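One structure is given below, encoded as structure tokens.
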Amino acid sequence: MNPMIRRQTLFDVLHRSAARHPHKLAIACGELRWTYAEFKAIATRLAAGLAGQGVGQGTRVAVLARNSHAFAALRFALARLGAVLVPINFMLQAEEVAYILRHAGATLLATDSGLAALARAAAGLDTRVQQFVWLPAEEPGTPEPGMLSFDDLASASGVPPEPALAGSDLAQIVYTSGTESSPKGAMLTHDAVLWQYVSCVVDASIATEDVALHALPLYHCAQLDVFLGPSVYVGASNLITARPVPENLLPLIARHRITSFFAPPTVWISLLRSPLFDGTDLSSLRKGYYGASIMPVEVLRELSARLPQVRLWNLYGQTEIAPLATMLGPDDQLRKPGSCGRAVLNVETRVVDDAMRDVAPGEVGEIVHRSPHVMLGYFHDDERTAAAFEGGWFHSGDLATIDDEGYITVVDRKKDMIKTGGENVASREVEEMIYRLPQVSEVAVVGVPHPHWVEAVVAVVVLRAGQSLTEAQVLAHCRAHLAGFKAPKQVLFTEALPKNPSGKLLKRQLRQAHGHLFGPG
């Protein structure tokens with residue numbers, strides 16, 4: 001049988017939606033509007049243009065850009081060619097971006113005018129990047145000199161190559177921060193992402209009639225693959241913006257009659273606190289989604305009171321599972337506050353002890369998963385791949401309890417991940433940067449509750465005998481070498497760090513001791 005007959009890739013998702021809904025609005029961004037037929041045609045021409053520049057099956061193409069229609073088109077054009085998307089967090093410093101470019105072996109880097117200087121600086125740090133593609137942003141702009149223009153590439157004639165792709169082929173490498181100082185590249189196939197789309201459609205109620213606002217960064221798998229991708233899959237209408245701030249979001253919801261919106265708790269809180277909130281017509285909004293960190297119960301109650309027509313979903317997961325793993329639905333928001341719910345349709349989830357035995361209700365264990373969503377492994381990292389799949393399950397690294405109804409509540413992170421403002425920060429990465437200061441004897445970095453960021457990065461430092469160092473010096477050092485969201489919000493100095501008899505650092509004690517540093521949380 002010809003394998004094309006059974007093919008299901010990410011581009012096929014757009015192709016089939018264009019066949020079902022050719023004249024329906026697919027993408028809106030700024031003043032631009034594309035129907036599904038236009039969206040598919042542009043992605044196809046863009047694929048032809050990229051093929052003319054040597055992009056083909058297996059080529060790693062990195063994207064360092066803010067949200068735009070062009071980002072969305074590039075995502076599907078690369079899938080058409082069998083090329084591999086490598087989205088990069090645009091809040092990283094040049095040396096951090098360069099590490100990902102080198103590790104992924106990216107030869108082409110797509111960027112926009114606002115990030116072009118960062119892209120050029122990073123690519124110049126001993127990477128394999130040979131070409132740049134300029135992506136137009138939400139607001140009209142002029143192509144960057146020396147870069148291939150999106151508009152020119154998307155005007156290419158001819159039919160792009162059609163490789164014999166299978167669902168098991170690699171679609172993207174998404175880099176995730178671990179406790180190690182170097183990020184890991186999670187390899188996700190077309191199958192993994194598409195099975196995850198199915199779980200999203202079923203358990204998060206992504207529907208054809210949705211008018212969805214995509215405001216959180218598309219470099220992040222949550223916005224890209226839990227919301228934009230499944231929305232294209234079912235033929236929903238999608239408004240893309242790069243500014244997730246109340247003065248932009250609230251008018252957009254009103255003007256475009258948005259029905260569906262995702263944001264981490266920090267953004268939902270900013271909307272509630274905005275002076276524009278009460279004067280904005282938000283009556284069209286029907287579905288509200290949050291994730292990346294726990295929504296404070298008092299904020300849940302406030303959202304329910306001030307947006308009574310909105311049903312809320314809490315979505316939990318991680319990059320390695322494409323990323324959705326569990327869901328807490330609208331009916332359980334106040335019944336199971338703080339819980340991340342139960343496994344979604346195509347995921348099997350357990351909470352286990354170190355011997356891989358299910359823990360009893362209320363006991364703490366590690367969350368593990370089996371699912372067709374799960375990554376192939378970490379790119380060029382067999383050792384960490386083996387550790388992640390020990391015992392035949394994917395180990396999340398999150399510690400949790402499970403109740404007698406099967407609802408899971410994350411209580412800690414086995415690998416000391418801090419989630420601040422929807423971004424992951426590896427404590428060890430920040431610690432290693434602070435250790436570069438010669439005055440430092442020991443340092444522990446923890447996340448503590450924060451009224452805006454949900455968690456704030458806090459460094460607790462022990463100085464070497466006879467040395468002096470100020471908080472301002474530590475912060476300046478971190479901000480010079482790390483992305484802004486990774487830098488501590490506060491630096492504390494102490495004579496000793498808490499440890500157990502075997503010398504293991506007790507970070508939980510630090511989190512408890514400083515839990516009210518920024519108020520009640």
Side-chain angles (χ1 to χ4, degrees), residues 64 66-67 87-93 96-97 115 174-179 183 213-224 226-227 241-250 261-274 277 288-300 302-303 312 314-319 323 338 340 398 410 412-413 415-427 429-430 433 445-459 475 478-479 482-491 511 514-515 517-521:
L64 182 72
R66 291 183 171 82
N67 291 7
I88 300 178
N89 183 338
F90 53 68
M91 290 188 285
L92 299 179
Q93 297 274 5
E96 297 169 302
V97 174
L115 293 162
V174 186
Y175 280 78
T176 178
S177 295
T179 55
L213 175 58
H214 305 278
L216 277 294
L218 289 171
Y219 71 69
H220 198 290
C221 51
Q223 192 70 75
L224 182 66
V226 178
F227 295 100
T241 184
R243 296 176 57 235
V245 293
E247 57 269 26
N248 181 49
L249 297 176
L250 291 169
F261 175 62
F262 159 75
T266 49
V267 174
W268 281 108
I269 292 168
S270 74
L271 296 181
L272 291 171
R273 303 291 167 262
S274 171
F277 186 92
Y289 302 91
Y290 66 95
S293 56
I294 295 170
M295 181 80 81
V297 178
E298 289 305 314
V299 176
L300 275 176
E302 185 178 354
L303 276 169
L312 293 170
N314 178 15
L315 305 177
Y316 160 82
Q318 58 198 112
T319 302
C340 61
D398 283 342
V410 177
D412 205 347
R413 280 169 288 283
K415 300 176 181 178
D416 293 319
M417 183 70 71
I418 300 166
K419 294 193 174 182
T420 179
E423 294 293 334
N424 290 342
V425 176
S427 60
E429 182 180 10
V430 184
M433 185 56 64
V445 170
V446 296
V448 302
H450 191 281
H452 178 71
W453 301 112
V454 180
E455 277 191 323
V457 179
V458 172
L475 294 177
C478 290
R479 289 167 181 161
L482 294 171
F485 67 87
K486 296 180 183 179
K489 293 289 188 292
Q490 193 157 336
V491 179
R511 286 191 285 268
H514 303 297
L517 193 61
F518 299 98

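Fair warning: this is a prediction, and the values are worked out from it, not measured in the lab.
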* Under 3.5 Å donor-acceptor, Glu455 side chain and Thr420 backbone -> no
* Asked: Just by modelled atom types, is the Leu216 backbone N or O under 3.5 Å from a matching donor or acceptor in the Asn67 side chain?
  -> yes
* To do: Provide the closest heavy-atom pair for Leu303 versus Met295 in the form atom of the first, atom of the second, distance.
  => CD1-CE, 3.8 Å
* To do: Could you give me the CA-CA distance, side-chain angles and deciding distance for Asp398 and Gln318, then say whether side chain to side chain donor-acceptor pair (under 3.5 Å) is met?
  => CA-CA 10 Å; Asp398 283 342; Gln318 58 198 112; 5.7 Å; no
* To do: State whether Arg273 and Glu302 are salt-bridged, where the test is any N-O pair (Lys NZ or Arg NE/NH1/NH2 against Asp/Glu carboxylate O) under 4.0 Å.
  => yes
* Asked: Closest heavy-atom contact between Asn314 and Gly291?
  -> OD1-CA, 4.1 Å
* Are His214 and Phe227 near enough that their ring centres are under 6.0 Å apart? -> no
* Can you find a pair of side-chain heavy atoms, one from Met91 and one from Tyr219, that are under 4.5 Å apart? -> yes
* Structure fact -> For Phe485, the ring-ring contact (aromatic ring centres under 6.0 Å, His included) test, sequence neighbours excluded, returns none
* To do: Say whether, by atom type as modelled, one donor and one acceptor occur between the side chain of His514 and the main chain of Leu517 under 3.5 angstrom.
  => no
* Does Gly484 offer a backbone N or O that forms a donor-acceptor pair with the side chain of Gln93 under 3.5 Å? -> no
* Asked: Hey, does Leu271 have a side-chain heavy atom less than 4.5 Å from the side chain of Phe261?
  -> yes
Output a table of donor-acceptor pairs, distance under 3.5 Å, between side-chain atoms of residues 243-250 and any protein atom two or more places apart or on a different chain; print 'none' if there are none.
residue, atom, partner, partner atom, Å
Asn248, ND2, Thr241, OG1, 2.9
Asn248, ND2, Arg243, O, 2.8

